[in-house]
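Working notes, structure below.
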Amino acid sequence: MRKDSFATAALLTIALAVAAPMPGHAGGLSIPAEPRGLGYVPECDSPSVIGTIISRRAGAVPEATDGVTIDEVTQIGPGTLYMPGMRTIGHRHCAATALLSNGKTGALFYMIEGHMGFSSISWNVESCVAGYDPWYVFGQSCRTLR
């Protein structure tokens with residue numbers, strides 16, 4: 001009897017999944033999954049992007065960042081946007097100047113990627129300060145983010 005209940009529940013779940021409308025559509029109306037559309041890639045100077053870069057650097061293991069955090073981001077360039085094709089992810093490469101906790105400045109390079117946030121729903125950002133990546137996670141002088 002218990003196997004029958006499980007089988008019925010499984011078939012009902014599959015039937016509901018097949019009958020459900022595709023995400024972003026409701027009765028022929030298009031509903032964006034994000035406020036700015038699915039795959040949105042923010043601008044280089046977006047406060048949420050800059051805030052994410054600063055907070056992630058502050059929370060990183062000191063050995064991975066030479067113990068240096070970012071106090072402020074200035075001279076933010078416009079960046080270059082690459083729109084997705086059949087096999088690519090929309091992303092934007094950006095460069096700026098980072099005012100560091102050791103009193104120095106450093107070249108900051110970062111890449112914002114659409115569909116790479118939590119559960120591939122939002123965006124993600126990866127960043128690197130040239131000269132402060134002792135493990136060369138992003139290559140020498142942050143080469144992979146340029």
If hydrophobic clusters are built by linking Ile, Leu, Val, Met, Phe, Trp and Tyr wherever their side-chain heavy atoms come under 4.5 Å apart, do [X] and [Y] end up in the same one?
{"X": "I54", "Y": "I76", "result": "yes"}
{"X": "M83", "Y": "V125", "result": "yes"}
{"X": "I53", "Y": "L81", "result": "yes"}
{"X": "F109", "Y": "V73", "result": "no"}

Can you list every pair that meets salt bridge (charged side-chain N to carboxylate O under 4.0 Å, His left out) and has a residue in residues 134-146, with sequence neighbours left out?
none
Might you point out which heavy atoms bring [X] and [Y] nearest each other, and give the distance in Å?
{"X": "C44", "Y": "I50", "answer": "O-CD1, 3.6 Å"}
{"X": "L108", "Y": "S127", "answer": "CD1-CB, 4.1 Å"}
{"X": "I89", "Y": "G114", "answer": "CG2-O, 2.9 Å"}
{"X": "G67", "Y": "S101", "answer": "O-OG, 4.3 Å"}
{"X": "V129", "Y": "G106", "answer": "CG1-CA, 4.1 Å"}
{"X": "A64", "Y": "P134", "answer": "O-CD, 3.4 Å"}

Give a yes or no on whether the backbone of [Y] and the side-chain of [X] come within a donor-acceptor separation of less than 3.5 Å.
{"X": "R57", "Y": "T65", "answer": "yes"}
{"X": "D66", "Y": "V68", "answer": "no"}
{"X": "R56", "Y": "E126", "answer": "no"}

Among residues at least two apart in sequence or on other chains, which ones pass ring pair (Phe, Tyr, Trp, His ring centres under 6.0 Å) with Y136?
none
Could you pull out all residues at least two apart from E43 that satisfy side-chain contact (heavy atoms from CB on, under 4.5 Å)?
D45, R92
Are the side chains of [X] and [Y] in touch, meaning some heavy atoms are under 4.5 Å apart?
{"X": "I112", "Y": "C94", "result": "yes"}
{"X": "M111", "Y": "F138", "result": "no"}
{"X": "I70", "Y": "Y132", "result": "no"}

If you measure from CG on L145 to SG on C128, what distance do you get to the nearest 0.5 Å?
6.0 Å
Once you round to the nearest 0.5 Å, how far does CG of L99 lie from CD of Q75?
8.5 Å
Identified ring pair (Phe, Tyr, Trp, His ring centres under 6.0 Å) partner of H91 from the options Y82, W123, Y40:
Y82
